[in-house]
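Taking it in order: structure first as structure tokens, then the write-up.
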Amino acid sequence: MADKYTQAVNTGFTRTLAKRLGLPRPSLLRRHTPGAPLTVGPVLVVSDDASVADADVIAKALLGWDLDVRRSAESTAGDEHFRWGAVVLVLTGAQTPESVSGAVLAAGSTLRRLAPNGRVVTVSRAPESGDAPAVAATRAGVEGFLRSVAKELRAGATGNAVQLTGGAEVDSASALAAVRFFLSAKSAYVDGQVLPVGPSGAAVDTAYWERPLEGKVAVVTGAARGIGAAIAKTLARDGATVVVVDVPPAGEALTAVANEVKGTALQLDVTAPDAGAKILEHATGRHGRLDIVVHNAGILRDKLLANMDAAKWDSVIAVNLASQLRIDEYLLGAGVEGLHIVSLASTSGIAGNKGQSNYAFSKSGVIGRTAATAPLVAALNGTINAVAPGFIETDMTRSIPFATREVARRLSSLLQGGQPVDVAEAIAFLASPAAAGVNGQVLRVCGQNLVGK
Amino acid sequence: MATNQPPTAAPRDAYIVGGNRIPFSRAGKKYVNASNQEMFTAALEGLVARFGLQGERLGEVAGGAVLKHSRDFNLIRESVLGSSLSAQTPAYDVQQACATGLEAAIAVTNKIRLGQIESAIAGGTDTVSDAPIAVSERLRKALLEANHAKTLGARIRPFTRLKPADLAPASPSTSEPRTGLSMGEHQAITTAKWGIAREAQDEVALNSHHNLARAWDAGFFDDLVTPFRGLTRDDNLRGDTSLEKLSKLKPVFGLKLPEPAVPTMTAGNSTPLTDGASAVLFASREWADAHDLPVLARFVDAETAAVDFVHGHEGLLMAPVHAVPRLLARNGLALEDIDFFEIHEAFASTVLTTFAAWEDEEYCRTELGLDGAFGKVDRSRLNVNGSSLAAGHPFAATGGRIIATAAKLVAARAAETGRPARALISVCAAGGLGATAIVESA
Amino acid sequence: MTGGPASDGRRVEDLPGLPGLGGLYVKGAAASATKRPRPGGVTLPAVTYRVPGVATGDPATAARLRAYQDLVGEPASDVLPAGFLHVLVFPVATALMVRGDFPLPLLGMVHLRNAIRMLRPVRLGDVLEVRAWAENPRPHRRGVQVDVVAEADVSGELAWRGVSTYLAKGFQVAGAPGSATAESAEPSEPVEARDFWTPPLPTGRWRLDAGTGRAYGAVSGDRNPIHMSALSAKAFGFPKAIAHGMYTAARALADVGPAHRGEAYEWTVEFFRPVLLPGTVDVAIRRTGGVVHPGERPASGSSYVYDGWRPGKDTRHFTGTVTPLPLPPKE
């Protein structure tokens, strides 16, 4: 559910009042419902001259997803009531800063008619070592451009960037999966993000998208409530058999989640030395395999560093960071093939937060370990990524004092907090086979929070 | 022994897959608003979650409660309907006082052994906090008469015969109907008869608390217990108790026994009234394999017994003393062959009078029909992870607690030593009843 | 009232039916005052009362039987417990004791003991011939004791025989020189046994509420004021109402149970201190005569002994036996 303020400014008398007073009016975000169209309207695919071929490939893929795809805005020019569902700006071939002008302005001209919950997605290449300065400049420029555009968007619309790396092709599975994720309602609270996508296999067929995790076995830690429970439900919806893990004292809620997702409950303290072995034993013993591990278990023990004690510091590090390292090490040591690991980082880990030095250390540490583990997992055909949630409406954030909470909520481009399911959707995407080309990345799910990168 | 038949070869074996219970809570505390149905459903849900049984049509679910509301005539079936199991899972209620849970297990495993069913859950639940309150016998008769009456006058008339005292509710009694003695008083008599010392009883209680606390701390119950209503551990458990603390408690039973009996039974060495529920998953090997579920142990055999306590011939809680020799003999086993003795601690002295009887030559000859003393139980094998004195004893839930604990113990021991391990389960019950069983590593 | 042949020197007087107890009590109470110890001692009337046709097939008797069984804990059955037969014939014995020539006062006599033999089962519907007489006056250290004997025949066969022994304090046996024989009066009951008795371990505990006397009074018809209320009991020197001795004995008989006593049995009881109401009685019901192995039937001759006392005290209320008897051969 959206918070009360967001509900108020979107309904009835309070909506009119808020409009008159010029109050900020966060939108009711469109979220994924099975069977609903991918976008809220037709999709415009534009590109600079050097990227036309890639744009065609993307347009063709979009047509395959039953979208109304246009290559030009001209036919709609006179229609006041026409609304675009999304604009895909393809700049993969751009070599000079001057060359993108036409494409970005064409995209810009549609923004006034972008529907609520519309999407702007750029597809470009990442600047890489060895790039000519002009090429690197052009490629880097797209990042700043996209982040700024995202901040201009209104009414639940978002802007995100797919940034191809390592020579990844636009028609590869992961490039198209990333485009699809950003176009869809699944990325409702992902805004202003640039996602590097490396090479991956051939595009998946259409049937895949219904249940992308069909036949997969996933383990979710800290799954008894909040974001963890949402992750379990989302992975199950996408077809995975889910093993939900939480500490024994959380067993009652864990049981409810396990039974809802028709998975199995494993009461386990992730800090136990044999946690990795127990997880692998349960997953393979009960379900025959292990494909996905979501390190969601985490605790908060906020205190100003001046007042911090060993118990508060050590427990946060043990649960939020050390346990993940130990479990990953065990699973990789056991040679588990094709593992998709996704960890929960936090915007606090990126930007820092007063009173959360321990928590930020752990979450920042998660980001560092994600990058460092990426090549090790890749050697076993797996991936490891992190998701950094911003302000998410959970039991935990509901305990924050009202004023602080209100400020935190409105501190993003979307003027509201996210829902646990928003984090879960990003994780489900990163855990999916089609996201095989995304490795070692941190995807923020923060509604383009003003703090951090 | 007259009743010792050669073992009948069962068509196949029944296995214990695993168990689940909610933490046991002292009466009137955490579960004060929880009904039997809610508690048993919670135990079932935890078991379903642990083994991924959502939507599964099991062979059957059997269990019961000792203290039962009349509305709970189909308690176990209603619990199944409220669970994530398939609604096509049959269920029935069993009642054998404190042996309800074990008797339910005996029933379902026999069906599995016969091939009538492939899988089953057995268990039980009890609440003293939410116990049924009945009206007095005179008021009940008046209500029934008024209900059958045709005219207003006839409806009122029965009530004019009532006295104020008839309006007081009748609480469920823990007294034996035929003797008017509470279970504690009965056991106090048995304790006096066998001359069991206070110190020995306190020691049993101490071990129960320490063993249970150690098992909890070691994570033994991580896959045997699912929290309920915010309770994450058995709240009767006193891991920090000591002989000194136990020795300070005043005796509560046997206070009026004639000399030379001395009161020895205290709140510390007697089980408190407790709320809770437990459930155990049983299956044929084929079913377990097909569901990728490892099995912990085999439910080998069981024996029940009853004694004539009404005429003072035998102690109320001594029936297992009679059952176990028959059970072991039938299976060609002796006390030394048992690795774990899981003996329900209704009272510390129940365990001790059981042992004393087995060690008494004369008694074993005359009462049990043995050639001599049955034998001595190695105390280091007794209730190694605690029992009812520490965990509490929600009557019908105790059997399931013990079976799951025993199964896990023998599985771990067998894994450690590479040799089969065996546990003997013994539960005494009101009415002079007792149920016993052998569990062996799979 | 018609005359009949004498037996044992007693004249048989036939009563038309069972007398009403209420009227007998009024009569007995009035006469009690006049019955005082006299010089020359006690002489019992040489008369046997007989009621030739006591029907038990009527609905009232069936309802009374059910109420009796409920109260004392007997299972519902058409077989009349020995205690029920005792209350059934009690008015005949009482009628005898309120006779003007019966020398002892009805109110104020102490019920010392009772010995009943159930020789063959009596069922609802059987027609009884009931006889009652008094015999065997003998010294007691506190007065004189006398046996009131009652018998019930079914189809000409003796089915039930009860001997109630009462003590009348302060009376003397005819021809007895004062109280000189008191010491030898009770050879079966040494003084030590009464004074230094230690209870066994109990097998049961009875909680008797204040209405116990009224409840048994209602089914037995024995509404002796000492049982009915604290107030009426005080008039006779008791601090509270006391339980009927035969009620406690009947509960013990029920506790032994039909399966253990069989269809023919002897049932005895000896009363000591009365049970004050409300009160709690600890009882021990023990089988004598060896152990029964699993699967075996109790050996014939094994019997039950029961005791009742005040919990935590040595105050003994009663003791008794229940002994199975061989059934007479069927003809």
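Letters go in sequence order (proteins before strands), and every chain restarts at 1. These numbers were taken from a predicted model, which means no experiment stands behind them.
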(request) Please round to the nearest 0.5 Å and tell me the distance separating atom CZ of C:Arg205 and atom NE2 of B:His186. (result) 9.5 Å

(message) I'd like to know which of C:Gly204, C:Gly257, C:Ala284 tops the heavy-atom pair count under 4.5 Å against chain B.
(response) C:Gly204

(message) Keeping C:Arg286 on the side-chain end and B:His311 on the backbone end, is there a donor-acceptor pair under 3.5 Å?
(response) no

(message) How close do C:Pro202 and B:Pro258 get, counting heavy atoms only, and between which atoms?
(response) CD-CD, 4.2 Å

(message) Is the shortest side-chain heavy-atom distance between C:His260 and B:Asp308 below 4.5 Å?
(response) yes

(request) Assess whether atom CZ of C:Arg207 is packed by more than 12 heavy atoms of other residues, nucleotides or ligands within 6.0 Å. (result) yes

(request) Pick one of side chain, backbone, both or neither for B:Ile189, based on which atoms fall under 4.5 Å of a heavy atom in chain C. (result) both

(message) At a heavy-atom distance under 4.5 Å, which candidate from C:Asp282, C:Leu201, C:Thr198 has the highest pair count against chain B?
(response) C:Leu201

